[in-house]
There are 2 protein chains.
Amino acid sequence: MDTQTASPGGLRAITRDAVRTHLSELAIDLFTEHGFDNVTVEQIAAAAGISARSVHRYFPAKEDLVVGDPTAYGSVVRDAFLARSTDESVLSSLRAAFTVLLDHGGQDIRGKAALCVMTSVPALRARNHEKHLLWASLLTPVVAARLRGSDAELRAQVLVQTALACFDVALTAWVVPGEQRTPAELLGVAFAALPSHGPTPP
Amino acid sequence: MDTQTASPGGLRAITRDAVRTHLSELAIDLFTEHGFDNVTVEQIAAAAGISARSVHRYFPAKEDLVVGDPTAYGSVVRDAFLARSTDESVLSSLRAAFTVLLDHGGQDIRGKAALCVMTSVPALRARNHEKHLLWASLLTPVVAARLRGSDAELRAQVLVQTALACFDVALTAWVVPGEQRTPAELLGVAFAALPSHGPTPP
DNA sequence: CCGCACTTGTCAGAGTCTGACAGTTTGGGC
DNA sequence: GCCCAAACTGTCAGACTCTGACAAGTGCGG
């Protein structure tokens, strides 16, 4: 039933996740070589030795092969935000929350290959943005709870979207050929571009 | 050849733009009534009295019937930004630039109906984000030219994306039923949610 | 008045995604 | 160890979006 996290109890869910990651890596390799639009789902299925119908059973859309499960890691960012002290500014807490995601993201961010494909195809960037919007719907309520004054909901949306923009820009800058810094460092540079919001926490 | 702007000299281009707006309004009405996914291109074509193939000649994708031409209004924002004084902060200039777009947008923003449909369907929100990314590619160079220090390109991307987030949040808040304020006022509230960037210009 | 460019309809096809059905495999309780 | 229900898979069929090619119609310009 619950396919979002590999519950350790279920043995079938483990193999399902294994097939998912295998299909994803296989597809990303094909996309990087021939281009996203020049690879059909049938070719991916043939390379994996299964039918095209089964590929759509694991991934509802072709773009999900690159973007991954939208529901994953959304609650991770929210919990990381809730764990921060309410003394620091909201943007500092958001910056820390997304840094946690970067450290935790060694699994979901399958190297630079997936990001390279994603940044080069508009349809994939759009799908990735949908995932970010889902994260925003989880983050906005908890952020609004820390704001005072009128229009808390609207201002929370602005702050969350701003943090997501920093996250996106940092990852986009990470995959350019000459770049040497880590994603966490680039995220710090991105947040530093915003107007002062207090000293950066340790 | 040049289909992006209705060059006043061409008489055929005028009718073409008229058909475009007519098709767009017609489609938005059908979408608001039956839902975006429950209306096929053939139904839109039948309602307009033309073939489905011709609809795709005016709009490359079905989503473009709601989103509109991505290339429009991109240069308007850029020129509005360039017209601002370099004394004020970059975010203030961006806020003023998008305010110009709101005043100018009586044509492109075809009432709240288009926005309502757009905000309710994830695929349309994604397509709209692609349009915003095209605007960002025009804005980022001129914004980076006003920044000093290292990583000007990256910091410019952050500021442009932040301004776009404010623009998006303001328009999304505008279409909620109870809202009374104008888009320009909501844009001011959105920018005010960011950390202080100097006094708001007149 | 006529040529020419633009527009339109029709046909055909590729590709994505979904539902239904039947056969097979496998996990887990007894 | 056995058996059943549940899950997985392949195959078939269909709807829909989008694209290219070709022929026919329309109106502007010289």
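All heavy atoms count here, side chains included; hydrogens, waters and symmetry mates do not. As the structure is a prediction and not an experimental result, all values here were calculated from the model.
Using a 30° and 60° split on the angle between ring planes, B:H132 and B:F167 fall in the perpendicular class, above 60°.
Contact check for A:L159 versus A:R155: no side-chain heavy atoms found under the 4.5 Å cut-off.
Among C:dT10, D:dT11, D:dC18, the nucleotide with an atom closest to any side-chain atom of A:S51 is D:dT11. Picking from C:dT18, D:dG10, D:dA21 the nucleotide with the shortest atom distance to the side chain of A:S54 gives D:dG10. Checking C:dT10, C:dC17, D:dC18 against the side-chain heavy atoms of A:K62 singles out C:dC17 as nearest. Each of C:dC17, D:dT17, D:dG20 was ranked by its minimum atom distance to the side chain of B:H56; first place goes to D:dT17. The nucleotide whose nearest atom lies closest to any side-chain atom of A:R16 is, among D:dG10, D:dC8, D:dA21, D:dC8. Minimum atom distance to the side chain of A:T40 is reached by C:dT16, of the listed C:dT18, C:dT16, C:dC11. When distances run from any side-chain atom of A:R57 to the nucleotides D:dT9, C:dC17, C:dG9, the shortest one goes to D:dT9.
We find that CD of B:E42 is positioned 12 Å from P of C:dC11, with the value rounded to whole Å. Rounded to an integer number of Å, the gap from B:I14 CD1 to C:dT7 C1' is 17 Å. Spacing between atom CZ of A:F59 and atom P of C:dC17 amounts to 12 Å, rounded to whole angstrom units. For the pair B:L23 CG and C:dT7 P, the computed distance is 14 Å after rounding to whole Å. Atom CZ of B:R53 and atom P of D:dT19 are 8 Å apart (whole Å). Between A:D37 atom CG and C:dT16 atom P the separation is 9 Å, expressed in whole Å. Between A:I50 atom CD1 and C:dT25 atom P there is a gap of 17 Å when expressed in whole angstrom units.
Annotation: cation-pi geometry not satisfied between B:K131 and B:Y73 (NZ/CZ under 6.0 angstrom from ring centroid, within 45° of ring axis).
Residues passing the salt bridge (Lys or Arg N to Asp or Glu O under 4.0 Å) test with B:R181 are A:D151, B:E179, sequence neighbours excluded.
Using a 4.0 Å heavy-atom distance criterion, B:V55 is classed as making no nucleic acid contact. Using a 4.0 Å heavy-atom criterion, one finds that B:A52 contacts no nucleic acid atom at all.
OP1 or OP2 of D:dT9 has at least one side-chain nitrogen or oxygen of A:Y58 nearer than 4.0 Å.
Note that CE of A:M118 is 8.0 Å distant from CG of A:D168, once rounded to the nearest 0.5 Å.
When the nearest nucleotides of DNA chain D are assigned to A:V19 and B:F36 by heavy-atom distance, the more 5′-ward of the two goes with A:V19.
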